[in-house]
> 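A single structure is presented below for examination.
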Amino acid sequence: MKTTGTDRKFNGKENIAELPKDKRFQKYTFGLGFLLALSFVLGGMLTNERRTCRTPLELIQMLAILCIMTFMSSIVTGLLFMLLTGLRNGCGRSRAAGMEYESRQAFAFYTVVILLCWLPVFLAYYPAVFAYDAEGQLYQVLAHDYSTHHPLIHTLFLGAFYKLGEKLPGSFSSGMALHSIVQLFLMAVILAYALTFLYREKSSWVMRILLLLFYALFPANSILAVSTTKDVLFSGLVLLYTLKLYQWCCEGGEERKESDILFILISALMLLFRNNAVYAWLLCQPFLLYFTGKKGRLKRYAVIAAATLLAFGVGSMGLKASMSAQRGSPRELLTEPLQQMARTRVMHESEIDDATRKKLDEYLPAEWVFAAYNPYLADPVKNRAVIHDDPAGLIKTWAELCRQFPLTYVDAFLDNSIGYWYLADKTHAAIYGAGTESGFGYLSTDNRTMPAGYEIVEHSYLPGLRSFMERIISDNEYQKIPLLPVIFSPAFYWWMLCLYMAFFLYRREYRMLIPALFLTAYYLTLLLSPTVLIRYMYPFVVTCPVMLCLVSQFPEKMGVKNRQ
């Protein structure tokens with residue numbers, strides 16, 4: 001009996017040539033294509049006009065362009081759906097997708113390949129890429145004056161190696177070199193584990209090879225592996241958490257206490273390594289509890305979730321108490337509102353009434369806000385705003401300006417987060433400037449200044465390689481090569497996740513959406529962050545390609561259990 005678009009049954013062997021005729025296929029490819037087209041239209045307007053549409057004529061023009069681009073992007077998403085369907089059917093599998101080698105042999109192979117490719121980068125940037133927040137975190141260690149502004153567990157982790165350097169030849173630089181070696185090894189092991197996981201799942205050997213090359217050669221992976229930023233280990237933990245979640249929800253989970261304890265440990269560490277991770281995790285829990293309840297495993301998962309929250313709470317409060325750490329500033333929560341108010345003042349100063357302007361002066365004084373406002377970086381405004389005297393008045397003023405200038409508020413939000421959703425954005429690669437001399441660009445490789453006697457001294461053993469890498473990630477020369485900027489774009493990994501979710505929604509394989517929950521919730525927190533940096537999106541960089549590889553996993557292994 002012939003099936004229609006609404007009652008179609010997926011058996012893993014669909015006729016790819018017939019897919020474009022299927023109504024469900026058309027609906028989901030059009031929906032994803034529309035969202036992608038909308039991102040290009042809005043991103044293009046903000047880049048070229050510095051605002052979205054304001055007049056009826058501009059709205060008509062925007063809708064016309066949106067229709068054309070939706071048609072084009074729907075063709076692209078349709079082709080991608082057909083490609084993923086082919087992978088789901090088993091295309092690209094060969095003997096290399098089988099189990100000719102033991103898992104530990106595959107794991108050793110992947111680990112060695114990644115380490116061999118990363119080792120030259122470590123030597124080029126010896127002892128470490130001492131950038132981002134390392135300076136501020138180590139000042140806390142030296143002064144024994146801790147704050148929860150940065151995750152305490154990472155500050156102590158970084159500080160342990162720094163202080164260890166005092167006892168090693170080469171002083172503090174040797175400590176940072178040891179930090180680089182340990183972190184580099186941990187990340188290589190985590191990424192090799194993910195590849196071995198895909199090997200066991202019998203995913204496409206072609207996709208595994210491409211993923212191995214991506215992990216080993218993509219500059220962000222090798223340079224961040226020796227960087228001092230907290231986002232590196234956090235991203236590795238997100239990848240492990242996602243794979244455990246996949247095992248738990250899509251394969252039924254191992255009925256062993258050891259497996260549950262490991263799940264709890266990974267989850268708690270993940271929450272401790274990033275302050276905003278707990279909000280994303282909490283947002284996921286109702287969905288996970290609902291799902292496990294339907295599958296008769298509510299009690300078991302509820303225990304895991306409660307134990308995770310308890311472990312996180314005890315760990316967080318224990319670290320704070322033992323270090324006598326001060327609470328971080330609440331201004332971090334006001335990043336987006338302050339940016340919206342600043343943009344409104346800069347764009348509409350003459351239109352704001354005297355009473356509101358006088359109130360604004362209490363929080364964002366005119367003498368500095370016009371020079372400080374940067375549509376892509378909220379820190380200059382956030383760090384100088386006066387927020388402690390009258391928080392209720394601040395919120396009231398924010399709401400009043402929102403009522404008067406709602407579109408400006410929308411533009412401020414879109415501009416500040418543009419790199420997270422607009423594939424053609426280039427601002428994320430020059431947030432702090434660009435150029436080899438400054439060490440700023442797509443990645444920050446500048447060497448932060450420490451007090452006399454406590455410096456981290458750079459000594460490149462491969463200066464030629466360092467110069468080459470700097471041209472790529474500081475001078476941003478990757479932008480000159482066609483299509484390559486897409487892979488470097490932070491938004492690329494968000495749209496990769498969207499493709500994954502849309503594909504499994506189309507196929508009604510709803511369990512496969514569960515591993516995407518945390519990343520989706522975490523993405524929402526990033527939209528409210530001070531700026532767009534690839535390190536903020538690094539959890540997506542290491543995790544989303546693995547999730548896409550799972551599309552090529554043998555459907556027969558999961559069978560009908562994978563569909564609600």
> Show the numbers, then the answer: is there a side chain to side chain contact (heavy atoms under 4.5 Å, CB included) between Leu533 and Thr531?
CA-CA 7 Å; Leu533 295 172; Thr531 190; 3.9 Å; yes
> If you compare all heavy atoms of Ser147 against all heavy atoms of Leu152, which two are closest, and at what distance to 0.1 Å?
O-CD2, 3.8 Å
> Are the side chains of Tyr246 and Glu201 in contact, using a 4.5 Å heavy-atom criterion?
yes
> Under 3.5 Å, is there a donor-acceptor pair linking the side chains of Asp446 and Tyr432?
no
> Could you report the tightest heavy-atom contact between Thr228 and Ala134, atom names first, then the distance?
OG1-CB, 3.2 Å
> ring-ring contact (aromatic ring centres under 6.0 Å, His included) with Phe234: which of Tyr522, Tyr538, Phe273?
Tyr522
> Begin from the C-alpha positions of Ile114 and Leu195 and carry the test side chain to side chain contact (heavy atoms under 4.5 Å, CB included) through to its verdict.
CA-CA 11 Å; Ile114 293 172; Leu195 286 161; 4.3 Å; yes
> Taking the six-membered ring for Trp, are Phe157 and His179 closer than 6.0 Å centroid to centroid?
yes
> Does Glu470 form a side chain to side chain donor-acceptor pair (under 3.5 Å) with Thr445? I'd like the steps, not just the answer.
CA-CA 8 Å; Glu470 285 297 302; Thr445 56; 2.8 Å; yes
> Spell out, as yes or no, whether a donor-acceptor pair under 3.5 Å connects the side chain of Ser552 to the backbone of Ser203.
no
> Less than 4.5 Å apart, side chain to side chain, heavy atoms only: is that true for Leu423 and Asp425?
no
> Nearest 0.5 Å, what's the CD1-CG distance between Ile418 and Leu527?
12.5 Å
> Can any side-chain N or O of Glu477 pair as donor or acceptor with the backbone N or O of Ile472 at less than 3.5 Å?
no
> Are Cys544 and Leu519 packed together at the side-chain level, in the sense that at least one heavy-atom pair is separated by less than 4.5 angstrom?
yes
> Would the distance check show the side chain of Thr335 and the main-chain N or O of Glu332 forming a donor-acceptor pair, the cut-off being under 3.5 Å?
yes
> In terms of relative ring orientation, are Tyr478 and Phe488 parallel, tilted or perpendicular, with 30° and 60° separating the classes?
parallel
> Ring-plane angle category for Tyr454 and Phe172, please: parallel below 30°, perpendicular beyond 60°, tilted otherwise.
tilted
> Please walk me through it: do Gln326 and Asp145 pass side chain to side chain contact (heavy atoms under 4.5 Å, CB included)?
CA-CA 8 Å; Gln326 302 174 10; Asp145 183 15; 3.5 Å; yes
> How long is the straight-line distance from OH of Tyr110 back to CG of Leu212, given to the nearest 0.5 Å?
7.0 Å
> Compare every heavy atom of Met537 with every heavy atom of Pro490, then report the nearest pair and how far apart it is.
O-CE, 3.2 Å
> Take Arg466 and Glu458 through the salt bridge (charged side-chain N to carboxylate O under 4.0 Å, His left out) test and state the conclusion after the steps.
CA-CA 12 Å; Arg466 176 164 183 153; Glu458 295 176 313; 3.0 Å; yes
> Please check if the side chain of Ser180 supplies one atom and the backbone of Pro127 the other of a donor-acceptor pair under 3.5 Å.
yes
> Give a yes or no answer on whether the side chain of Gln285 reaches the backbone of Trp281 with a donor-acceptor pair at less than 3.5 Å.
yes
> Does atom CD of Glu437 have more than 12 heavy-atom neighbours, drawn from other residues, nucleotides or ligands, at distances under 6.0 Å?
no
> Looking at Arg448 and Tyr132, would you say the former's side chain and the latter's main chain have a donor-acceptor pair under 3.5 Å?
yes
> Got a donor-acceptor contact below 3.5 angstrom from the Tyr215 side chain to the Val542 backbone?
yes
> Nearest 0.5 Å, please: how far is OG1 in Thr543 from CG in Leu548?
12.5 Å
> Can the ring centres of Phe263 and Tyr241 be said to be less than 6.0 Å apart?
yes
> Heavy atoms only: give me the nearest Tyr536-Leu526 pair and the separation to one decimal.
O-CD1, 3.7 Å
> Would you say that Pro485 contacts Lys426 through its side chain, given a criterion of any heavy-atom pair below 4.5 Å between the two side chains?
no
> Can you establish whether the number of heavy atoms outside Phe214 located under 6.0 Å from its atom CZ is more than 12?
yes
> Is the backbone N or O of Gly318 less than 3.5 Å from a side-chain atom of Ser322, with the two atoms forming a donor-acceptor pair by type?
yes
> Asp415 versus Arg343: any side-chain heavy-atom pair under 4.5 Å?
yes
> Could you check whether Arg50 pairs with Asp411 (Lys NZ or Arg NE/NH1/NH2 to Asp/Glu carboxylate O, under 4.0 Å)?
no
> Is atom OH of Tyr139 surrounded by more than 12 heavy atoms (other residues, nucleotides or ligands) closer than 6.0 Å?
yes
> Going by the angle between their ring planes, with limits at 30° and 60°, are Phe197 and Tyr193 parallel, tilted or perpendicular?
tilted
> Drop me the distance from Leu138's CG to Lys163's NZ, to the nearest 0.5 angstrom.
10.5 Å
> Decide side chain to side chain donor-acceptor pair (under 3.5 Å) for Arg535 and Thr229; before the verdict, give the C-alpha distance in whole Å, the side-chain angles of both, and the deciding distance to 0.1 Å.
CA-CA 8 Å; Arg535 71 179 178 100; Thr229 177; 3.0 Å; yes
> Does any N or O in the side chain of Tyr162 come within less than 3.5 Å of the main-chain N or O of Ser173, such that one atom is a donor and the other an acceptor?
no
> Given Met323 and Leu156, is the side chain to side chain contact (heavy atoms under 4.5 Å, CB included) satisfied, shown in steps?
CA-CA 10 Å; Met323 296 294 110; Leu156 295 173; 3.6 Å; yes
> Under a 4.5 Å cut-off applied to non-hydrogen side-chain atoms, are Arg327 and Lys320 in contact?
yes
> Are the side chains of Phe540 and Phe492 in touch, meaning some heavy atoms are under 4.5 Å apart?
no
> Any idea which heavy atoms bring Gly315 and Leu272 closest together, and the distance?
C-CD2, 4.1 Å
> Using 30° and 60° as the class boundaries, would you call the ring planes of Tyr493 and Phe218 parallel, tilted or perpendicular?
tilted
> Can you find a heavy atom in the side chain of Ile387 that is under 4.5 Å from one in the side chain of Lys382?
no
> Which heavy atom of Pro380 sits nearest a heavy atom of Ala372, and at what distance?
CB-O, 3.3 Å
> With rounding to the nearest 0.5 Å, note down the distance linking CD1 in Ile456 to CE in Met176.
5.5 Å
> Looking only at side-chain N and O atoms, does Ser174 offer a donor or acceptor that is under 3.5 Å from a partner on Lys167?
no
> Which distance, rounded to the nearest 0.5 Å, do you find between the CD of Gln137 and the OH of Tyr146?
11.0 Å
> Does the ring centre of Trp494 sit less than 6.0 Å away from the ring centre of Tyr420?
no
> So does Thr525 get a backbone contact from the side chain of Tyr279, meaning a donor-acceptor N/O pair under 3.5 Å?
no
